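Please read the structure below before turning to the comments.
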Amino acid sequence: MTSSVPRLPVLGWRSLRLRRSQSYPASVLARGQPVFVSSGRAAIYHALRSLAVGPGDRILVPTYHCPTMVAPIARLGAEPLFYAIDRTAGADLGWLNEIDLRGVKAMIAVHFFGIPQALGRVQAFCRERGIALIEDCAHAFFGRCGATPVGASGDFVIASLPKFFPSTEGGCLFVTAQAGRGVSLMQPGMLAELRAVFDVLELGVQHGRLGVLGSALNAVLSVKRRLRRSRDGAASTRLQLDAGDPAAWLDEAALERSALRVSRLLVAYTHAERLIARRRANYERWRTALENVEGAQPLFPDLPEGAVPYVFPLKVQQADGVYQKLRARGVPVFRWDIAWPGVPRLEGDHGREWLTDVFQLGCHQELSESDVLGLAEIVRTALVRH
Ligand SMILES: Cc1ncc(COP(=O)(O)O)c(C=O)c1O
């Protein structure tokens, strides 16, 4: 059953609507017109480049991180300065107030898991010190904290499209008008656009989300699939590279091009209200199914009202063994155990431990109730038997 469960949203019959919605729910788009880039990491890269970040500069990054957040910093010759996070996944300002901040040019603050953080104090901290705030909405394209939509606080805001939309690439960067003039991108070629359309359709077909049309398309797509297999071989070799090497995480050509047209169209035509309702419902299903399970605790048992979750975060004891079991069963679960080299142990920090112990379980809009309940049963069994 799990082989048909998509890790990220794929195109299904009900994913889109025929007309662009007139009023979009609270989201990063409230910020204005984004620069569409090829990924969230490319958005971070361009934010840093707009700030003329280079050798000798330091950038604040949480100890809980994906290497794709640090690679753009290293690519520009700057240094990450890892900061502690508290149990709410927010920046530990008490800790930050105590450290030497010389050479710090920017801070990346993240709405982890799609739980919006109140960033007022972080914003004030940055302003007082002349540090640019990069609000990382890779996990939170939608949502609000109280009345404040995600994306309203940063000098720069970045987002990642495949985590919320059935696109295979793409990211957004919001900048002040002045800084935005520095971002100039190449348009992708027609071949890349066509390939992306096929990729989007193929993922929907493979996961059985496109019904009868899907079966018809399958024959056409099988030719492309054969070609793809040889390409995938090459891609997996690249991942063998050193975790601290920016080249392992960044595609140089993609950094300089804008997002594909199909990705932008998917943002415009996705049924956002359906996406929000289904993600919230799936999150609640995970919570109910794993309540009181032995060997694990939900990190955020109560989903805040304005949150549109990216994943359901579960903190697991004996994490290594359980993780291997779940991957082997095809459960769409991630953790960030490949960290950037040199993540320090900091007083009172939760982030470093979360790298291995927090499982990010999929709760996206294309998972049905029975998908989530089936997956939760596998997780529960793996935990109990461990
Ligand atoms: C918090 C966070 N920021 C940025 C990124 C980079 O996004 P992308 O994968 O679109 O490059 C990720 C990717 O997982 C992420 O988790």
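Order of listing sets the numbers, starting from 1, for every ligand and every atom in it. Scope of the values below: all heavy atoms of this structure, side chains included, with no hydrogens, waters or symmetry mates. Please read all numbers here as calculations on a predicted model, not as lab measurements.
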Problem set entry | Short N or O distance, Gly40 and ligand 1, threshold 3.5 Å exclusive | yes

Problem set entry | Aromatic centroids of Phe82 and His65 separated by under 6.0 Å | yes

For this session: For ligand 1, note which part of Met69 has a heavy atom under 4.0 Å away: side chain, backbone, both or neither.
Result: side chain

Exercise. Any N or O of Trp336 that comes nearer than 3.5 Å to an N or O of ligand 1?
Worked result: no

Problem set entry | atom 16 (O) of ligand 1 [closest protein heavy-atom partner, distance rounded to 0.1 Å] | His139 NE2, 2.8 Å

For this session: Determine, for Glu366 against Arg278, whether the closest basic-nitrogen to carboxylate-oxygen distance falls under 4.0 angstrom.
Result: no

For this session: State the atoms of ligand 1, each with its element, that fall below the 4.0 Å cut-off from a heavy-atom position in Val110.
Result: 1 (C)

Exercise. Just by distance, with hydrogens left out, do Gln365 and His271 show a side-chain donor and acceptor under 3.5 Å apart?
Worked result: no

Exercise. How far is atom 12 (C) of ligand 1 from its nearest protein heavy atom, and which residue and atom is that?
Worked result: Thr68 OG1, 3.6 Å

Problem set entry | Presence of salt bridge, Glu252 and Arg75, under 4.0 angstrom | yes

Problem set entry | Under-4.0 Å salt bridge between Arg287 and Glu291 | yes

Exercise. Applying a strict 4.0 Å limit to heavy atoms, is Lys163 in contact with ligand 1?
Worked result: yes

Problem set entry | Donor-acceptor side-chain pairing of Thr63 and Asp349 below 3.5 angstrom | yes

Problem set entry | Nearest atoms (heavy-atom pairs only) where Arg129 meets Leu101 | CD-CD1, 3.6 Å

For this session: Would you mind checking which non-hydrogen protein atom is closest to atom 9 (O) of ligand 1, with the distance to 0.1 Å?
Result: Arg41 NH2, 2.9 Å

Donor-acceptor contacts under 3.5 Å from residues 136-152 side chains, at least two apart:
| residue | atom | partner | partner atom | Å |
| --- | --- | --- | --- | --- |
| Asp136 | OD1 | Ala138 | N | 2.9 |
| His139 | ND1 | Phe113 | N | 2.9 |
| Arg144 | NH1 | Gly146 | O | 3.0 |
| Arg144 | NH2 | Glu305 | OE2 | 3.4 |

For this session: Look at atom 1 (C) of ligand 1 and find which of Leu250, Asp251, Asp136 reaches it with the closest heavy atom.
Result: Asp136

Exercise. Any non-hydrogen atom of Cys66 lying under 4.0 Å from ligand 1?
Worked result: yes

Seminar exercise, completed: A student checking ligand 1 against Ser160 at a 4.0 Å heavy-atom cut-off should list atoms 7 (O), 8 (P), 10 (O)

